[in-house]
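Here's the structure, in structure tokens; my notes come after.
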Amino acid sequence: MSKTMIKYPIHTQEILNVNGDEAVAYAVKQSLVDVVSAYPITPQTIIVEKFSEFVADGLVHTQFVPVESEHSAMSACVGAAAAGARAFTATSSQGLALMVEIVYIASGMRLPIVMAVVNRALSAPINIHNDHSDAYLMRDSGWIQLFVENVQESYDTTIQAFKIAEDERVLLPVAVNLDGFFLSHTLENIRILPDEAVADFLGGYRKVARVKVDYYDEEVPHMLNPARPLTFGALDLYDYYFEHKVQQVEAMKNVPAVVREVNEKWQELTGRKYGDGVIETYGMEDAEIAVVAMGSSAGTIRSVIKKYRERGEKIGLVRIRLYRPFPYEDVGKILSNVKVVAVMDKAIGPGSYGALYQDIVSSLYDLSDRPLTVDYVYGLGGRDLTQDMVANMIEQVKEDVRKGRVENKIRYLGVRW
Amino acid sequence: MVVKTLPEFPIKKGEPAYKLWIFEPGWKGEIPLNFNLRQVAEQKRSALLPGHRLCAGCAAPIVVKLASFAFRGPTIVVNATGCLEVASTIFPFTSWAVPWLHNAFENAASTASGVEAAINAMKKTGRLPYEHVDVVVFGGDGGTFDIGFQALSGMAERGHDVLYILYDNEAYMNTGIQRSGGTPKYASTTTSPAGEVIPGKPENKKPIADIMVAHRIPYVATATPAHWMDFMKKVRRGIEVVGPAFIHSLSSCDRGWRHENAISIEVLRRAVDTCYFPLWEWTPENGYMLTDRSLVIARNPSLKQPIEKFVEVQGRFRHLMKPENREKLRELQEYVDKVWEDLLRRASNAPR
Ligand SMILES: Cc1ncc(C[n+]2csc(CCOP(=O)(O)OP(=O)(O)O)c2C)c(N)n1
Ligand code: SF4
């Protein structure tokens, strides 16, 4: 992509000094969202506070529904999206846990809602800081899950999420995951697009997809429409439920291509892209050791790997940006030539391996020459990940390669025993 | 876009009843509220079509049909999980002639809040092809008194322009007649069975409509489909006010109340005649106002029937008719009298 083709080259983009939550709120402001319904929870709260200011100042047409619980926030989004509106909510941790019943309903009804999940540990013990246990809670809910690395990407991805969700090949809700405090409360200078550019990118207000329904001769808008009434949320018995679930899976299959397309379009517009949209790699061309991670830790890990690279060591990073649907084949290809994979899970699965680890192992299983794998659980409840920890981890897996086997498959980074 | 003005209801007399309610964009008319039940029936404008699987004799579909006779134009219906929902939308069929949404059990009110917000957003951006779209919720007692109460209270507090109609069959019927916050004292249900030691549900019914009055929303009323004219007027009033409105309709369930399925409407009439379920409406302007039969009884107290009249036809109270339980029946009568007298004190149109 030559520079001249970028529609809004970087020097034309305004700089905004914001934290991750404000960046999300700003993206929502520009995305012509009709309904925002949310309930406060740290570290998500700033999104709603900031957005309320936009509403109070009359800068948006959005109807803000400050509900009495997260369960109602997601319920209102379902109602709004079913009525044909573009709907957004944001939450964290216990809030997501409370709304999870309706999270499944949103995807089952194929409603393109966008939600920012500002990742925070789940209780008990109660903890307001970051890990990915809340995101893992909804991983089989039929939502698209994207994980971002920094504040700029929080802004970019929130806008992209609406485009992905509303794509006719997809029609599924999208969760944009950003690490609590590490991103939500950290100021960064970001580049933003003019309002018109965002509106143009999204094609204006939400256009409701049309569907074929037996009763009507033509395709009708998939919404609560007095001109063409439809029944939403019907009862499916054993004769149809399975088929409807499989349709969701089929829609999921289209997601990676759409995410890649949107990533490319974003690059044409802004000059920014995140790997191929699905996965971002660093130093993987000839890597023998691979570290796999998601979210803001990728920055720390990349800086350590950079130092190893400078010393000529063949280490690479794989950052999973699209966590659901999981890009099993792509990951398998990328990791097919390494000797060891260190998977970094920012959540614990008592009685099981980490969730990301299981996905990575599934990606590798069909390879003829499988690398060694280790599951590194780290950062729970906001525990810091230092460069030293990453270096230690790399030294450990180097030792595993030397031995040709892995003894403790699950290891903890930075925990006192 | 062709803007058609249709002053009359879009389905014409003589057309089959299974037609959906089609309001072409630009529809500006208002469906007249017709108090001649025969004419209403001829117009075939029910939002609930034939073919649903609710039990024979169930009052819930009557509640919905009567309510929909009072709809004034484009209307979106939101339904909580329960008998009405499961029996009317078994895929690939639907009994709903209007746009209809079921989300979950406890969130009909918050779902409707979202629908209403969407309507407002589209109106604001010039995308709503009608002058207005009404939002009406149907929820059972379980989904309203209990698990859905938080969402309902939130919706009321935030002032959404939604009419919430509670069809109260006084138990969780869809899961098999378990007690709810709406179940009356001494009723036998599967989780409050009348046994050797405990004679049915030990607690009184939650005064849900009074609790909604305490929210100071623009309109609250009680109703039954047996008092159909009163019912329809109240529904239209609830739709017309701007802001949240709440109608508490008693809705007999022959399965759960254990009565002959032919007498559902009769049982509801007895509920009002005994003052077990008085008919009233509340507005901020006039406060409590007795309506229909309850106003008649207030003016002529000799018409008030003893509670036995309500209890005797229902199997869920069978144990109360035993001689050893006469005391319990008396207690029930005292409770009903107390609530009725309290209402008479509050009602601005009660004779003093
Ligand atoms: C969260 C949740 N808990 C429980 C249920 C099971 N459930 C479905 S319908 C129902 C009872 C509904 O009772 P009510 O609201 O009184 O309506 P009715 O069936 O009596 O018309 C219950 C308990 C559910 N669907 N969701
Ligand atoms: S169980 Fe009761 S409420 Fe449910 S459909 Fe039958 S009669 Fe109606």
Side-chain angles (χ1 to χ4, degrees), chain A residues 32-37 39 60-69 71-87 89 99 101-102 104-106 109 113 204-206 213-216 223-237 239-241 243-244, chain B residues 20-25 27 47 73-79 81 85-122 124-125 127-130 133 135 150-151 153-155 157-158 160:
Chain A
L32 303 178
V33 175
D34 296 304
V35 177
V36 168
S37 181
Y39 190 80
V60 285
H61 78 277
T62 314
Q63 300 290 301
F64 179 48
V65 188
V67 278
E68 80 298 333
S69 76
H71 193 283
S72 283
M74 185 49 69
S75 303
C77 284
V78 165
R86 186 172 282 158
T89 187
M99 66 165 66
E101 181 198 14
I102 315 304
Y104 275 73
I105 293 173
M109 260 193 246
I113 298 161
Y205 297 120
R206 178 178 158 205
V213 177
D214 277 354
Y215 185 86
Y216 300 106
M223 64 185 274
L224 299 165
N225 177 9
R228 297 290 178 269
L230 293 178
T231 291
F232 272 70
L235 174 78
D236 260 13
L237 299 175
D239 47 359
Y240 286 98
Y241 181 86
E243 280 72 19
H244 285 146
Chain B
L20 303 192
W21 288 24
I22 307 283
F23 291 95
E24 292 297 347
W27 192 87
T75 306
I76 291 172
V77 168
V78 178
N79 206 162
T81 312
E85 167 262 332
V86 296
S88 63
T89 62
I90 304 175
F91 191 87
F93 305 108
T94 180
S95 303
W96 292 89
V98 293
W100 180 94
L101 170 63
H102 159 250
N103 189 344
F105 186 24
E106 62 284 31
N107 62 355
S110 37
T111 305
S113 303
V115 171
E116 188 247 15
I119 289 168
N120 289 340
M122 287 191 253
K124 210 166 168 185
T125 50
R127 287 183 290 151
L128 191 73
Y130 312 96
V133 176
V135 183
Q150 175 184 303
S153 180
M155 182 195 92
E157 180 266 327
R158 291 188 304 274
H160 294 276

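Because the structure is a prediction, the values reported are computed rather than measured. Protein chains get the first letters and strands the later ones, always in sequence-line order, with residue 1 at the start of each.
- A heavy-atom distance below 4.5 Å is not found between the side chains of A/N225 and B/P99.
- Using a 4.5 Å cut-off between heavy atoms, A/Y104 does not touch chain B at all.
- Within a 6.0 Å sphere centred on OH of A/Y215, heavy atoms belonging to other residues, nucleotides or ligands number more than 12.
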Report task. Assess whether side-chain hydrogen bond (donor to acceptor under 3.5 Å, both in side chains) is satisfied between A/S69 and B/Q150, documenting all intermediate values. Result -> CA-CA 9 Å; A/S69 76; B/Q150 175 184 303; 3.2 Å; yes

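- Counting all heavy atoms, side chain and backbone alike, B/N103 lies closest to A/M109 at CA-CE, 4.2 Å.
- The two residues B/A121 and A/Q63 make their nearest non-hydrogen contact at N-CG, 3.6 Å.
- Among B/V135, B/V133, B/T125, B/I90, the residue with the largest count of heavy-atom pairs under 4.5 Å with chain A is B/T125.
- Only the side chain of A/I105 comes within less than 4.5 Å of a heavy atom of chain B; its backbone N, CA, C and O stay farther away.
- Between the CH2 atom in B/W100 and the CG atom in A/L230 there is a gap of 12.5 Å [rounded to 0.5 Å].
- Interface summary for chain A: among B/A118, B/A87, B/P74, B/S153, the most heavy-atom pairs under 4.5 angstrom belong to B/A118.
- Note that the OG1 atom of B/T89 and the CG atom of A/D236 stand 9.0 Å from one another [nearest 0.5 Å].
- Ranking A/A227, A/A234, A/G84 against chain B, the residue ahead of the rest is A/A227, based on heavy-atom pairs under 4.5 Å.
- Residues A/D34 and B/R127 meet the side-chain proximity criterion, which asks for heavy atoms closer than 4.5 Å.
- A/G79 and B/L101 get closest at one heavy-atom pair: CA-CD2, 3.8 Å.
- Options A/A73, A/A106, A/P66 differ in how many heavy-atom pairs under 4.5 Å they form with chain B, and the most are formed by A/P66.
- When A/V33, A/I102, A/D239 are compared by the number of non-hydrogen pairs under 4.5 Å with chain B, A/I102 comes out ahead.
- Considering every non-hydrogen atom in both A/V60 and B/K124, the closest pair reads O-NZ, 4.4 Å.
- For the pair A/V67/B/R158, a side-chain contact is recorded, criterion being any heavy-atom separation below 4.5 Å from C-beta on.
- Using a 4.5 Å heavy-atom cutoff, the side chains of B/P92 and A/Y240 are in contact.
- Taking the side chain as every heavy atom from C-beta outward, B/E106 and A/H71 approach each other to under 4.5 Å.
- A/F232 has its side chain out of reach of B/I76: every pair of non-hydrogen atoms, C-beta onward, lies at least 4.5 Å apart.
- With chain B as partner, the option from A/T231, A/V35, A/V78 having the largest number of non-hydrogen pairs under 4.5 angstrom is A/T231.
- Within the 4.5 Å cutoff, the side chain of B/N107 has no heavy atoms near those of the A/S72 side chain.
- Put simply, NE2 on A/H61 and CE on B/M122 are 9.5 Å apart, with the number rounded to the nearest 0.5 Å.
- Note on B/G73, B/S113, B/A104: by heavy-atom pairs under 4.5 Å with chain A, the leading option is B/A104.
- Of the atoms belonging to B/Y130, it is side-chain heavy atoms, and not backbone ones, that fall under 4.5 Å from chain A.
- Using a 4.5 Å heavy-atom cutoff, the side chains of B/H160 and A/V65 are in contact.
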